Amino acid sequence: MHTGLKITAFAAALAATFGTAYGVGQGLDPVVADRAPAHDEQHAPSSPAARESGGDAGHETTPAGGLQISEHGYTLDLKTPRVTAGQRADLRFTVRDASGRPVTEYLREHDKELHLIVASRDLLTYRHLHPVRAADGTWSTPVDLPRAGGYRVFADFTPAKKGAHDLTLGADLAASGTYRPQELPRAGSTARVDGYEVQLTGGLRQGRASELRLTVSRDGKPVTDLQPYLGAYGHLVALRSGDLAYLHVHPHGEPGDGRTPSGPEVSFTATAPSGGSYRLFLDFKHDGVVRTAAFTVPAGESADVPDASTSEHSGGGHGH
């Protein structure tokens, strides 16, 4: 998966101290920050959607994905635009071509024909889902969103038919219930999740490619036996705060190539199309369980993430 800033990109989906919690269920990956941040967490002030800019002169800006429901003749037809918070539902959708016919042939990327990301508008709840496609082109997956409010659904795929690739389409999803808005966690370079610590080195630069290096440790010791997940030792999704633009993130190396170590470091290349705050979600697999570490990262002229206090959120993960 080109993984939108991806893990994905981003697609987004694509945006510390962070909040991370998990939900276990059939066909689901971890859920991030399903509860209000702890009282001692620091927060960044909320900001409006960042404006698109071309970055520095002479540098190509990578387009953000997921802001459109239709692109290059393909449309995301979300058949389940509303769910009830806290209740399990079947999320169904179809990708249609320019003639309105359901797409039934895709190229596999990172072990999947299509990657589906669901993120809340405040970027505190995140899920990477693995839907199943029926013969008629309808995709479906169970979903249980813990909090009411607005969500964005990102479908990241490449049709088998020539003419379009690395598409990320987005559609709005509403979860009914009592809505309590929350602020984006403050930027920081360390995330702790389920007894693991993930350190982020590098950051996002506006209009320029930069390297993101994430180092995984547990109990103060480097984790050198990460397990492959979606064709890599880590999967990264990046979403822009404000409009949830899904950025394309490219992993370095792949398992089995003889050059890529299985930890403790996984690295990616990403380009931020504008300044602003982005939320990064790193999925990594160890001891048969997929866990997600989340960071808030500012995009600016430099690619350094400011140090900030961290908080720890325990939770389970869904094994694969």
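Excluded from the calculations below are hydrogen atoms, water molecules and symmetry mates; all remaining heavy atoms, backbone and side chain alike, are included. This structure is a prediction, so every number in the text was calculated from the model and none was measured.
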Centroid separation under 6.0 Å, is that true for the rings of W139 and Y106? yes
L67 versus D243: any side-chain heavy-atom pair under 4.5 Å? yes
Identify the two heavy atoms, one from L169 and one from S70, that lie closest to each other, and give their separation to 0.1 Å. CD2-C, 4.1 Å
Criterion side-chain contact (heavy atoms from CB on, under 4.5 Å) on L204 and L212, from CA distance to verdict: CA-CA 8 Å; L204 296 175; L212 299 163; 4.2 Å; yes
Polar side-chain atom of H286 near backbone of R291 as donor-acceptor pair, under 3.5 Å: no
To check you understand the geometry: which heavy-atom pair defines the closest contact between L226 and P264, and what is its length? CD1-O, 4.5 Å
Kindly indicate whether the side chain of V95, heavy atoms from C-beta on, has any atom under 4.5 Å from the side chain of L114. yes
Run the numbers on H130 and T141 for side-chain hydrogen bond (donor to acceptor under 3.5 Å, both in side chains), then give the verdict. CA-CA 7 Å; H130 299 298; T141 180; over 6 Å; no
Derivation of the side-chain contact (heavy atoms from CB on, under 4.5 Å) call for D90 and T80: CA-CA 8 Å; D90 191 26; T80 315; over 6 Å; no
Sidechain-backbone polar pair: T168 side chain, G66 backbone, donor-acceptor under 3.5 Å: no
Which pair of non-hydrogen atoms, one from G253 and one from T260, has the smallest distance, and what is that distance? CA-OG1, 3.2 Å
Who are the salt bridge (charged side-chain N to carboxylate O under 4.0 Å, His left out) partners of R108, not counting sequence neighbours? none
For the student: nearest non-hydrogen atoms of G234 and V266, plus distance: N-CG1, 4.2 Å
List the atom of A148, the atom of T178, and the distance in Å for their closest heavy-atom pair. CB-O, 3.5 Å
With heavy-atom distances below 4.5 Å as the criterion, would you say the side chains of F281 and I117 are in contact? no
Is there side-chain contact between V153 and F93, with heavy atoms separated by less than 4.5 Å? no
Would you check if L214 and F295 make a side-chain contact, meaning some heavy-atom pair closer than 4.5 Å? yes
Could you check whether any side-chain N or O of R152 sits under 3.5 Å from a backbone N or O of G170, counting only pairs where one atom can act as donor and the other as acceptor? yes
Heavy-atom nearest pair, S277 first then L184, reads CB-CD2, 3.8 Å
Only counting residues at least two apart or in another chain, list the ones meeting side chain to side chain contact (heavy atoms under 4.5 Å, CB included) with D219. none
Any donor-acceptor pair under 3.5 Å linking the side chain of R127 with the backbone of D144? yes
Could you work out, with salt bridge (charged side-chain N to carboxylate O under 4.0 Å, His left out) as the rule, every residue matching R180, not counting sequence neighbours? none
Between Q227 and G288, is there a donor-acceptor pair closer than 3.5 Å when you use the side chain of the first and the backbone of the second? yes
Answer whether the closest heavy-atom distance between the side chains of D122 and R147 falls below 4.5 Å. yes
Could K285 and D283 be called an ion pair, given the rule that one side-chain N must be under 4.0 Å from one carboxylate O? no
Where the side chain of R218 meets the backbone of G195, is there a donor-acceptor pair that is under 3.5 Å apart? no
Taking the side chain as every heavy atom from C-beta outward, state whether S217 and Y196 have any pair of such atoms under 4.5 Å apart. no
Is the number of heavy atoms from other residues, nucleotides or ligands within 6.0 Å of CZ (R82) greater than 12? no
Short side-chain to backbone donor-acceptor contact, S189 and Q199, under 3.5 Å: no
Main-chain N/O of A119 paired to T125 side chain as donor or acceptor, under 3.5 Å: no
With distance as the sole criterion, is a donor-acceptor pair present between the side chains of S262 and D225 under 3.5 Å? no
Under 3.5 Å donor-acceptor, D97 side chain and V103 backbone: no
Test log, rule side-chain contact (heavy atoms from CB on, under 4.5 Å), inputs T269 and H252: CA-CA 8 Å; T269 297; H252 295 171; 2.5 Å; yes
Is there a side-chain contact between V198 and F284 (heavy atoms, below 4.5 Å)? yes
